[in-house]
Amino acid sequence: MKLSMVVSPSPTTFEAVAFQGEVASHLHELKALGYEGVELAIRDPGSVDRTALRALLDEVGLSVPALGTGQAYLADGLSFTNPSKGVRRGAVARVRAHISLAASLGAMVVIGLIRGKVEETPREQAVAWMLECLKECAQVAEDADMRLVLEPVNRYESNLINTVEEALAVIQEVGSPYLGLLADTFHMNIEEPSIEASLRAAGSLLWHVHIADSNRRAPGLGHLDFPRILKTLREIGYSGYLSAEILPFPDPHEASLQTVRYLKGIMSSP
Ligand code: LER
Ligand code: MN
C-alpha cells in the first residue's frame with residue numbers, strides 16, 4: 001500500500017483537504033515527507049493547465065491515484081440527482097472532463113458527492129437519474145480505458161449510498177468493469193456495522209481508500225483501529241493507495257507528518 005494526500009489546487013469550502021492552493025510547494029513538501037502520490041480535488045478540469053501540471057508532477061516525482069469531483073457539487077451545484085435535466089447533463093459533462101484529465105494523469109475518478117442526494121424528488125426517480133448518469137459516465141470511462149470509483153458517504157452529507165453494501169449493489173446494477181469502490185474510513189466509522197467486514201465484502205472491487213480518523217483528523221488522532229484496518233486491507237489483497245482526506249489539524253504540515261509517520265509505522269510492523 002502506498003500513501004497519498006488529497007490536495008486542492010484551488011481554494012475550497014470542503015474542510016477535509018489539508019492542502020489548498022499553491023500546489024507546487026505542497027507537492028514538494030509531500031514528496032519530502034515520503035508520500036508516493038497526490039490525489040487532486042479538481043473543481044473544473046477546464047481551468048487546469050495540463051501541460052504545466054504534468055511537468056510539475058514529473059519534476060516532483062508523485063503519482064496521481066485519483067481525481068476528486070466533489071467541488072463540482074459543492075461549488076457549482078452539479079449532481080446526478082438534480083431535478084433539472086440541464087444540471088444533470090452538466091454533471092455528466094463535468095465528469096467527462098475529469099475522465100479526460102484523469103487519462104492524462106493515469107488517475108481514477110471519484111464519484112462521491114457529485115451523485116447528489118434525494119430531496120424533493122421521489123427516491124425512485126432520483127435513483128433512476130443517478131443510475132442513468134452513472135451508466136453514461138461508466139461508458140465514457142470505458143471508452144477512455146479509465147476507472148471510476150463510487151464512494152459511500154455518511155448520512156449527514158447524502159442520503160444516497162451511505163454504506164459499502166449499498167454502493168456494491170449500485171456497482172452491480174451499473175454492471176461496468178470500469179466502476180469500483182472507494183472506501184473512506186471517516187464515513188465507514190459512522191455508517192458501517194463493522195469496518196473490517198465491509199472491507200472484506202468489497203474484496204477485489206475495492207480500488208481506492210480515503211483515510212482519516214474518526215474525527216477526520218490525521219490517522220492516530222482519533223479512535224479508529226488502524227492496525228486492524230490495515231491488516232484487513234492486506235488480507236483482502238489491497239495494494240492501492242491510502243489517500244489522506246483530512247482536516248488540517250493542527251496545521252497542514254503536522255497533519256501530513258502525523259499521517260505518514262503513523263501509517264508507515266503500522267505498515268512496517270510485522
Ligand atoms: C466527502 O465527505 C468525501 O469524502 C469526498 O471524498 C466525496 O467527494
Ligand atoms: Mn472521501
Side-chain angles (χ1 to χ4, degrees), residues 3-10 12-20 37-45 64-82 91-92 94-95 97-99 101-102 107-117 130 133-134 137 147-164 166-167 170-171 179-192 195 198-199 202 206-219 222 224 229 233 238 240-249 255 259:
L3 290 188
S4 146
M5 173 67 71
V6 179
V7 171
S8 174
S10 52
T12 171
T13 54
F14 182 57
E15 291 175 334
V17 180
F19 291 87
Q20 304 184 15
V38 58
E39 176 174 332
L40 297 171
I42 305 283
R43 175 175 173 177
D44 182 358
V64 183
L67 288 187
T69 54
Q71 289 177 40
Y73 172 73
L74 293 171
D76 298 323
L78 298 175
S79 89
F80 293 169
T81 46
N82 192 288
V92 171
R94 187 66 64 86
V95 171
H98 278 88
I99 291 169
L101 177 60
M108 291 179 280
V109 173
V110 178
I111 305 294
L113 295 172
I114 196 156
R115 66 175 162 281
K117 49 178 103 160
M130 177 189 71
C133 292
L134 261 178
C137 290
R147 297 187 293 166
L148 306 178
V149 276
L150 183 61
E151 179 182 21
V153 302
N154 76 73
R155 68 191 67 189
Y156 307 107
E157 295 181 54
S158 179
N159 52 6
L160 199 50
I161 316 175
N162 301 128
T163 64
V164 165
E166 288 165 344
V170 169
I171 290 167
L179 181 63
L181 184 89
L182 189 181
D184 182 323
T185 56
F186 169 72
H187 299 305
M188 293 185 96
N189 177 59
I190 297 170
E191 298 293 350
E192 303 298 331
I195 292 180
S198 297
L199 292 173
L206 182 65
W207 295 349
H208 193 49
V209 171
H210 280 168
I211 201 140
D213 217 319
S214 50
N215 45 15
R216 229 171 194 178
R217 291 181 183 175
L224 280 180
I229 292 170
L233 288 170
Y238 181 74
Y241 277 85
L242 304 176
S243 198
E245 188 177 53
I246 53 173
L247 298 167
F249 177 84
T259 301

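We number each residue from 1, following the sequence as shown. Both ligands and their constituent atoms are indexed starting at 1 by order of listing. Predicted, not measured: the structure shown is a model, and the values here were computed from it.
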Leu113, portion touching ligand 1 at heavy-atom distance under 4.0 Å: both
Part of Arg216 within contact of ligand 1 (heavy atoms, under 4.0 Å): side chain
Nearest-0.5 Å distance that lies between atom CG in Leu134 and atom CD1 in Ile161: 6.5 Å
Angle subtended at the Mn ion (ligand 2) by Glu151 OE2 and His210 ND1, rounded to 10 degrees: 90°
Between Gln20 and Ser10, a side-chain donor and acceptor under 3.5 Å: no
Glu39 side chain to Ser243 side chain, donor-acceptor N/O pair below 3.5 angstrom: yes
side-chain contact (heavy atoms from CB on, under 4.5 Å) between Leu179 and Leu150, worked out: CA-CA 7 Å; Leu179 181 63; Leu150 183 61; 4.2 Å; yes
From Glu151, Glu157, Arg115, Glu15 - option closest to atom 1 (C) of ligand 1 by heavy atom: Glu157
Enumerated ligand 1 atoms positioned under 4.0 Å from heavy atoms of [X]:
X	answer
His210	6 (O)
Asp184	4 (O)
His187	1 (C), 2 (O), 3 (C), 4 (O)

Donor-acceptor contact below 3.5 Å, side chain Glu192 vs main chain Val164: yes
Thr69 (side chain) donor-acceptor with Ile114 (main chain) under 3.5 angstrom: no
Of the N, O or S atoms in Asp184, the one nearest the Mn ion (ligand 2): OD2
Identity of the N, O or S atom of Glu245 lying closest to the Mn ion (ligand 2): OE1
Heavy-atom gap Phe14 to ligand 1 smaller than 4.0 Å: yes
Pairing of Glu157 and Arg216 as salt bridge, 4.0 angstrom limit: yes
